[in-house]
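Note that this is a predicted model, so its numbers are computed, not measured. Side chains included, hydrogens not; waters and symmetry mates left out as well; all remaining heavy atoms used.
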Amino acid sequence: MHGALGDIVVLDLSRALAGPHAAQMLGDLGARVIKVEQPGVGDESRGWGPPFVGPDHDISTYFLAANRNKLSITVDMKSAEGRTLIERLVRQSDVLIENFRTGVLDRLGLGFERLHELNPRLVVLSITGFGHDGPEGGRPGYDQIAQGEAGLMSLTGPSRDEPYRVGASIADLLGGIHGAYGVVAALYERERTGIGKVVRTSLLAAVTGVHSYHGTAWTVGGQVPGAGGNHHASIAPYGAFHCADGMIQIAVANDAQWRKVAVLLGIDPAVPKYATNRERFAHRPELIADIERALAGHDRAHWLAALAGIGVPAGAIRSIDEVYAWEQTRSQGLLVEVDHPVLGTIELPGPPLRFDGEPPMRHGAPPALGQHNDEVLAWLEEREG
């Protein structure tokens with residue numbers, strides 16, 4: 001593969017979503033990603049659905065989402081033969097990704113010290129639920145548990161009394177994103193030092209790391225933020241509003257934009273209770289009611305066109321099928337075609353990065369279980385030779 005990481009080999013021992021997502025991101029950058037799976041079973045996400053697709057309805061679309069651009073091999077890591085194979089692969093790899101519970105690699109004889117004995121240049125990405133140490137360091141964690149424990153659910157939903165999970169598995173996905181970011185930094189540092197290191201992150205860290213202004217509201221401002229439904233925690237008007245045939249979103253980030261919106265909607269922009277963001281936020285329920293009274297006179301298409309005409313950010317609320325049918329989505333390379341060994345040509349959500357001057361990358365389909373056993377063994381023997 002071409003790409004910024006075209007000379008990098010990633011050994012992916014992870015499963016489910018956070019680790020596989022990190023490995024997939026590195027594969028999107030051109031790395032050769034070798035996914036190690038348990039014989040006969042594979043990554044547990046191969047069994048997660050619905051929906052399932054294929055002639056036998058046994059291919060998980062969940063698995064397809066996190067495993068493009070990978071080679072699958074099956075290895076029994078509990079056997080002596082399997083551990084020997086993993087050690088051989090470690091010697092030829094640049095990166096190893098794992099999201100086992102704390103201590104599992106040690107019990108397999110593949111602790112971090114042993115990995116660096118085998119390959120001092122190896123960068124190891126280790127993702128856990130709640131961290132590798134501390135009073136709850138060994139605790140298992142899944143996405144929704146982490147969303148709750150890390151405070152995200154308290155910020156999401158219609159009110160403080162009704163916390164919601166984020167619809168996507170955001171803790172897992174952010175864990176993968178932060179992990180890939182750390183791997184790239186460690187690879188860059190390795191160019192200077194010649195030595196790899198262990199990069200650690202967790203679902204707890206990933207979610208806490210994106211608290212942003214919600215975090216400083218408490219750590220500096222002494223206020224505990226809570227769920228505000230579909231409206232911004234600090235800016236008004238900024239959120240979802242009803243009009244004649246449904247809802248649109250309007251984002252007014254400054255007073256100049258507010259004056260344009262107010263005039264469009266027939267609201268006096270200079271009335272003291274609405275003159276500044278501080279005042280608008282203090283009177284937000286009344287402001288929302290005034291805006292929605294005005295919006296009720298026309299449909300979504302009318303208001304989106306009118307708001308575009310005055311240069312104020314606004315948008316529809318699209319369903320997933322509408323997003324992938326939208327020409328803007330397709331124009332950004334956010335859908336890619338791959339040739340799957342069973343499903344044939346399919347479309348997958350594509351990578352979020354593009355690089356100027358590079359041709360579009362040809363992506364590999366998520367692999368069948370053990371699809372590349374012979375290919376990887378042949379490659380390994382060639383590298384060792």
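- Sorted by first and then second residue, the salt bridge (Lys or Arg N to Asp or Glu O under 4.0 Å) pairs with a member in residues 120-136 read E136-R139; sequence neighbours excluded.
- Checked against ring-ring contact (aromatic ring centres under 6.0 Å, His included), W303 has the following partners two or more places apart in sequence or in another chain: H298.
- Listed for the Q24 side chain is no donor-acceptor partner under 3.5 Å among the backbone atoms of P20.
- V336 and I59 fall within a single hydrophobic cluster, where Ile, Leu, Val, Met, Phe, Trp and Tyr side chains are chained together by heavy-atom contacts under 4.5 Å.
- Atom CG of L89 and atom CD of E384 lie 8.0 Å apart (nearest 0.5 Å).
- A donor-acceptor pair under 3.5 Å is formed between the side chain of R330 and the backbone N or O of Y324.
- Note that CH2 of W379 and CZ of R383 are 4.5 Å apart. Values are rounded to the nearest 0.5 Å.
- Side-chain contact check for F100 versus S14: every heavy-atom pair is 4.5 Å or farther apart.
- For the pair I145/F130, a side-chain contact is recorded, criterion being any heavy-atom separation below 4.5 Å from C-beta on.
- Note that the CE atom of M361 and the CG atom of L353 stand 12.0 Å from one another [nearest 0.5 Å].
- Counting heavy atoms of neighbouring residues, nucleotides and ligands inside a 6.0 Å radius, atom CD of E113 does not exceed 12 of them.
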Which is it for R88 and E381 under the side chain to side chain contact (heavy atoms under 4.5 Å, CB included) test, yes or no, and what are the steps along the way?
CA-CA 9 Å; R88 291 171 62 197; E381 289 172 1; 3.9 Å; yes
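- Side-chain atoms of V252 and I235, non-hydrogen and from C-beta on, never get closer than 4.5 Å to each other.
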Show your working on salt bridge (Lys or Arg N to Asp or Glu O under 4.0 Å) between D255 and R278 and close with a plain yes or no.
CA-CA 10 Å; D255 292 340; R278 182 187 290 263; over 6 Å; no
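- A 4.5 Å side-chain heavy-atom check between V9 and I34 finds at least one atom pair inside the cut-off.
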Taking it one step at a time, do W258 and L287 satisfy side chain to side chain contact (heavy atoms under 4.5 Å, CB included)?
CA-CA 12 Å; W258 162 244; L287 174 64; 3.6 Å; yes
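- Atom OH of Y142 is surrounded by 12 or fewer heavy atoms from other residues, nucleotides or ligands within 6.0 Å.
- Using a 4.5 Å cut-off between side-chain heavy atoms of Ile, Leu, Val, Met, Phe, Trp and Tyr, with links allowed through other members, L122 and L85 fall into the same hydrophobic cluster.
- At least one donor-acceptor pair closer than 3.5 Å links the side chain of T329 to the backbone N or O of V323.
- Remark: the backbone N or O of H214 is not paired with any side-chain donor or acceptor of S212 at under 3.5 angstrom.
- Remark: side-chain polar atoms of D339 are not paired, donor with acceptor, to backbone N or O of G344 under 3.5 angstrom.
- Listed here is the closest heavy atom pair of G137 and T102: O-OG1, 3.6 Å.
- Considering H372, Q371, E37, K35 in turn, E37 is the only one that fulfils the side chain to side chain donor-acceptor pair (under 3.5 Å) rule with S72.
- Hydrophobic clustering (ILVMFWY, side-chain heavy atoms < 4.5 Å, transitive): V95 and L118 are in distinct clusters.
- In this structure S159 satisfies the side-chain contact (heavy atoms from CB on, under 4.5 Å) test together with D161, E162, sequence neighbours excluded.
- Hydrophobic clustering, with ILVMFWY side chains joined whenever heavy atoms are under 4.5 angstrom apart, groups V33 together with V123.
- In this structure, R293 and L265 have side chains that are not in contact, with every pair of non-hydrogen atoms separated by 4.5 Å or more.
- Checking side-chain atoms of S60 against main-chain N and O of F63 turns up a donor-acceptor pair under 3.5 Å.
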Name every donor-acceptor pair, under 3.5 Å, that has one atom in a side chain of residues 304-321 and the other anywhere in the protein, sequence neighbours excluded.
| residue | atom | partner | partner atom | Å |
| --- | --- | --- | --- | --- |
| S319 | OG | D321 | OD1 | 2.3 |
| S319 | OG | E322 | OE1 | 3.2 |

What's the verdict on salt bridge (Lys or Arg N to Asp or Glu O under 4.0 Å) for R190 and D94, showing C-alpha distance, side-chain angles and the deciding distance?
CA-CA 10 Å; R190 191 183 72 172; D94 299 281; 3.0 Å; yes
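- Counting only distance, with no hydrogens or angles, the side chain of Q332 and the backbone of L334 share no donor-acceptor pair below 3.5 Å.
- In plain terms, the two heavy atoms of V90 and N119 that are nearest each other are O-ND2, 3.0 Å.
- Taking each heavy atom of D43 and R15 in turn, the nearest pair found is OD2-CA, 3.4 Å.
- Rounding to the nearest 0.5 Å gives a distance of 9.5 Å between CG of L152 and OG1 of T208.
- Atom CG of N254 has more than 12 heavy atoms from other residues, nucleotides or ligands within 6.0 Å.
- Aromatic pair Y213/H232: centroids less than 6.0 angstrom apart.
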Assess whether side chain to side chain contact (heavy atoms under 4.5 Å, CB included) is satisfied between Y62 and N67, documenting all intermediate values.
CA-CA 9 Å; Y62 193 114; N67 290 285; over 6 Å; no
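- In this structure, L155 and P225 have side chains that are in contact, with non-hydrogen atoms separated by less than 4.5 Å.
- By the 4.5 Å heavy-atom criterion applied to side chains, Y164 and T156 are counted as neighbours.
- One finds the CG atom of L105 at 13.0 Å from the CZ atom of R114 (value rounded to the nearest 0.5 Å).
- Inspection of the N69 and D28 side chains reveals an N or O donor paired with an N or O acceptor under 3.5 Å.
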Determine, stepwise, if the pair L369 / R46 fulfils side chain to side chain contact (heavy atoms under 4.5 Å, CB included).
CA-CA 9 Å; L369 179 60; R46 288 186 182 273; 4.0 Å; yes
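- Atom CD1 in I97 sits 5.0 Å away from atom CG in D12 (nearest 0.5 Å).
- Nearest heavy atom pair, residue P366 against residue P341, reads O-CD, 4.4 Å.
- The side-chain contact (heavy atoms from CB on, under 4.5 Å) test applied to P39 returns T74, D76, not counting sequence neighbours.
- Under a 3.5 Å cut-off, the side chain of H211 and the backbone N or O of A150 do form a donor-acceptor pair.
- Side-chain atoms of E337 and T345 form no donor-acceptor pair, as typed in the model, at a separation below 3.5 Å.
- Taking all atoms of both residues into account, the shortest heavy-atom contact from M25 to G176 is SD-O, 4.1 Å.
- Counting heavy atoms of neighbouring residues, nucleotides and ligands inside a 6.0 Å radius, atom CH2 of W48 exceeds 12 of them.
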Pairs of donor and acceptor atoms involving the side chains of residues 236-245, under 3.5 Å and at least two apart or interchain, shall be tabulated with distances.
| residue | atom | partner | partner atom | Å |
| --- | --- | --- | --- | --- |
| H242 | ND1 | E292 | OE2 | 3.1 |
| D245 | OD1 | R300 | N | 2.8 |
| D245 | OD1 | R300 | NE | 3.3 |

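- Cluster annotation: V124 is not connected to L187 through the hydrophobic network of ILVMFWY side chains, with a link wherever side-chain heavy atoms come within less than 4.5 Å.
- Although no hydrogens or angles enter the test, the distance criterion places no donor-acceptor pair under 3.5 Å between the side chain of H283 and the main chain of Y274.
- S169 contributes no side-chain N or O that, together with a main-chain N or O of D143, makes up a donor-acceptor pair within less than 3.5 Å.
- Here the closest heavy-atom approach between residue A171 and residue L203 is recorded as O-CD2, 3.6 Å.
- For the pair V166 and Q147, the minimum side-chain heavy-atom distance is below 4.5 Å.
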